[in-house]
S.K.: 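Starting off with a structure, shown below.
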Amino acid sequence: MTDTLFQPFAFANGLTPRNRVVMAPMTTWSANPDGTISEQELAYYRPAYRAWAWCSRVAPMCSPAASASPMNSRPMTTASSPALRKLAQAAKSGGAPAVLQIFHAGNKAVPSLIPKGELVSASSLAAPKGPFNDGKLASRALSHEEILAVIRDFGEATRRAIEAGFDGVELHGAHGFLIQNFLSPLFNQRTDSWGGSLESRMRFPLEVVREVRP
């Protein structure tokens with residue numbers, strides 16, 4: 001097993017990490033107050049022991065903000081694009097590929113970080129209580145047109161990540177964020193083509209995957 005761990009392997013697109021050691025994506029809580037990438041974040045990813053592995057990086061995305069916690073960078077903003085390139089360079093400085101994790105926080109977003117403090121999700125339900133949510137605020141169900149716009153936003157965030165120099169993206173579909181909201185029979189109580197059966201609840205995540213694929 002040890003021999004395999006340190007052997008390279010190739011993806012279908014030709015990307016070949018030099019080993020199978022992956023740095024897990026994690027929230028650093030070190031972005032600038034306006035959501036742009038800070039020097040502190042860049043310094044976090046430069047050390048060789050981090051860049052030595054096949055790196056992955058957390059960064060919330062979507063329109064216009066859907067962050068799950070304060071002090072997270074938000075690469076959908078035009079102002080953050082140059083810094084996003086710096087982040088890719090920092091993560092790859094040790095020679096490893098870098099993958100950017102993107103997600104929409106859905107009904108787990110921080111109300112103070114989103115327009116009008118309005119949570120959106122698959123359905124209109126009370127949001128789960130959490131570190132940044134008192135559990136008293138209900139989400140609003142996204143309309144069909146808004147769902148399509150969010151799907152396009154995933155594609156736009158992916159395009160920006162690749163243009164910034166990242167080697168790929170990872171879609172976050174767990175922890176009660178938007179993709180999981182649509183998958184869940186608890187949070188997805190829609191009766192249209194985006195909810196109901198498992199096949200219909202899978203429609204949103206599959207459309208997101210199709211949108212981000214090259």
Side-chain angles (χ1 to χ4, degrees), residues 11-13 15 17 20 22-29 54-69 72-76 84 91 97-110 113-114 119-133 139-144 146-162 164 166-190 192-214:
F11 287 94
N13 66 357
L15 179 65
R20 303 172 192 226
V22 180
M23 179 182 173
M26 60 192 75
T27 300
T28 62
W29 291 65
W54 170 34
C55 291
S56 188
R57 161 78 181 107
V58 166
M61 63 70 88
C62 239
S63 60
S67 184
S69 60
N72 267 348
S73 52
R74 296 187 285 278
M76 279 298 290
L84 193 60
V99 175
L100 187 74
Q101 186 187 79
I102 57 177
F103 66 88
H104 185 301
N107 63 15
K108 291 187 72 175
V110 179
L113 298 180
I114 53 180
L119 299 180
V120 296
S121 182
S123 300
S124 298
L125 293 170
K129 185 176 181 179
F132 310 110
N133 190 318
S139 60
R140 176 180 63 78
L142 290 164
S143 69
H144 174 76
E146 289 173 324
I147 292 171
L148 296 179
V150 170
I151 291 169
R152 289 193 296 269
D153 283 344
F154 271 98
E156 175 64 11
T158 299
R159 181 187 67 79
R160 293 188 182 196
I162 300 304
F166 284 93
D167 298 288
V169 298
E170 177 187 82
L171 299 175
H172 194 331
H175 300 168
F177 296 150
L178 190 63
I179 290 178
Q180 194 270 341
N181 289 168
F182 273 87
L183 280 170
S184 169
L186 172 63
F187 291 114
N188 187 343
Q189 299 184 8
R190 303 177 72 100
D192 61 4
S193 60
W194 299 100
S197 67
L198 175 60
E199 290 75 15
S200 293
R201 298 197 313 273
M202 282 289 295
R203 182 183 175 192
F204 176 75
L206 289 177
E207 289 296 335
V208 170
V209 170
R210 293 187 183 100
E211 185 72 18
V212 306
R213 286 176 67 90

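Scope of the values below: all heavy atoms of this structure, side chains included, with no hydrogens, waters or symmetry mates. Everything numeric here is computed off the predicted structure, so don't read it as measured data.
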S.K.: Treating His144 as the side-chain partner and Glu146 as the backbone partner, does any N or O pair qualify as donor plus acceptor under 3.5 Å?
M.R.: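 No: the side chain of His144 does not pair with the backbone of Glu146.
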S.K.: Is the shortest heavy-atom distance from the side chain of Val169 to the side chain of Phe154 under 4.5 Å?
M.R.: no
S.K.: With distance as the sole test, does Asn188 use its side chain to make a donor-acceptor pair with the main-chain N or O of Trp194 at under 3.5 Å?
M.R.: yes
S.K.: Nearest 0.5 Å please: distance from the CD atom of Gln189 over to the CG atom of Leu125.
M.R.: 4.5 Å
S.K.: Might you point out which heavy atoms bring Ile151 and Glu211 nearest each other, and give the distance in Å?
M.R.: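 Nearest pair, atom of Ile151 first, then Glu211: O-CG, 3.2 Å.
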S.K.: What pair of heavy atoms forms the shortest contact from Pro17 to Pro97, and how long is it?
M.R.: CA-CG, 4.1 Å
S.K.: Would you find a donor on one side and an acceptor on the other, under 3.5 Å apart, between the side chain of Arg140 and the backbone of Ser124?
M.R.: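 No, Arg140 side chain to Ser124 backbone: no donor-acceptor pair under 3.5 Å.
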S.K.: Return the CZ to CG distance between Phe204 and Leu142, rounded to the nearest 0.5 Å.
M.R.: 7.5 Å
S.K.: What heavy-atom pair brings Leu119 and Ala109 nearest, and what distance separates the two atoms?
M.R.: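 Residues Leu119 and Ala109, closest heavy atoms: CD2-O, 3.4 Å.
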S.K.: Say you draw a straight line from CZ of Phe182 to CD of Glu207; how long is it, rounded to the nearest 0.5 Å?
M.R.: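 Here the interatomic distance stands at 11.5 Å.
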S.K.: Dump the intermediate steps for side-chain contact (heavy atoms from CB on, under 4.5 Å) on Val120 and His104, then the final yes or no.
M.R.: CA-CA 10 Å; Val120 296; His104 185 301; 3.8 Å; yes
S.K.: Donor-acceptor check, side chain of Ser139 to backbone of Ser123, threshold 3.5 angstrom: yes or no?
M.R.: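 Yes, because the side chain of Ser139 sits within donor-acceptor range (under 3.5 Å) of the backbone of Ser123.
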S.K.: With rounding to the nearest 0.5 angstrom, report the CZ to CZ distance, Arg201 to Arg190.
M.R.: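 Reported value, rounded in 0.5 Å steps: 13.0 Å.
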S.K.: Show the nearest heavy-atom pair for residues Gly195 and Ser200, with the distance to one decimal.
M.R.: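 Of all heavy-atom pairs spanning Gly195 and Ser200, the closest is O-CB, 3.1 Å.
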S.K.: Rounded to the nearest 0.5 Å, what separates atom CD in Glu170 from atom CD1 in Ile102?
M.R.: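 Rounded to the nearest 0.5 Å, the CD-CD1 separation comes out at 9.5 Å.
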S.K.: Do the side chains of Arg210 and Leu206 get nearer than 4.5 Å, heavy atoms only?
M.R.: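 Yes. Closest side-chain heavy atoms under 4.5 Å.
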S.K.: Which heavy atom of Asn107 sits nearest to which heavy atom of Ser121, and what is that distance?
M.R.: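 Shortest heavy-atom separation between Asn107 and Ser121 comes out as ND2-OG, 3.8 Å.
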S.K.: Any chance you could measure Leu148, atom CG, to Asp153, atom CG, to the nearest 0.5 Å?
M.R.: 11.0 Å
S.K.: Looking at Arg203 and Glu199, is there a salt bridge between them, counting it only when a charged N and a carboxylate O are closer than 4.0 Å?
M.R.: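 A salt bridge is absent here (no side-chain N lies under 4.0 Å from a carboxylate O).
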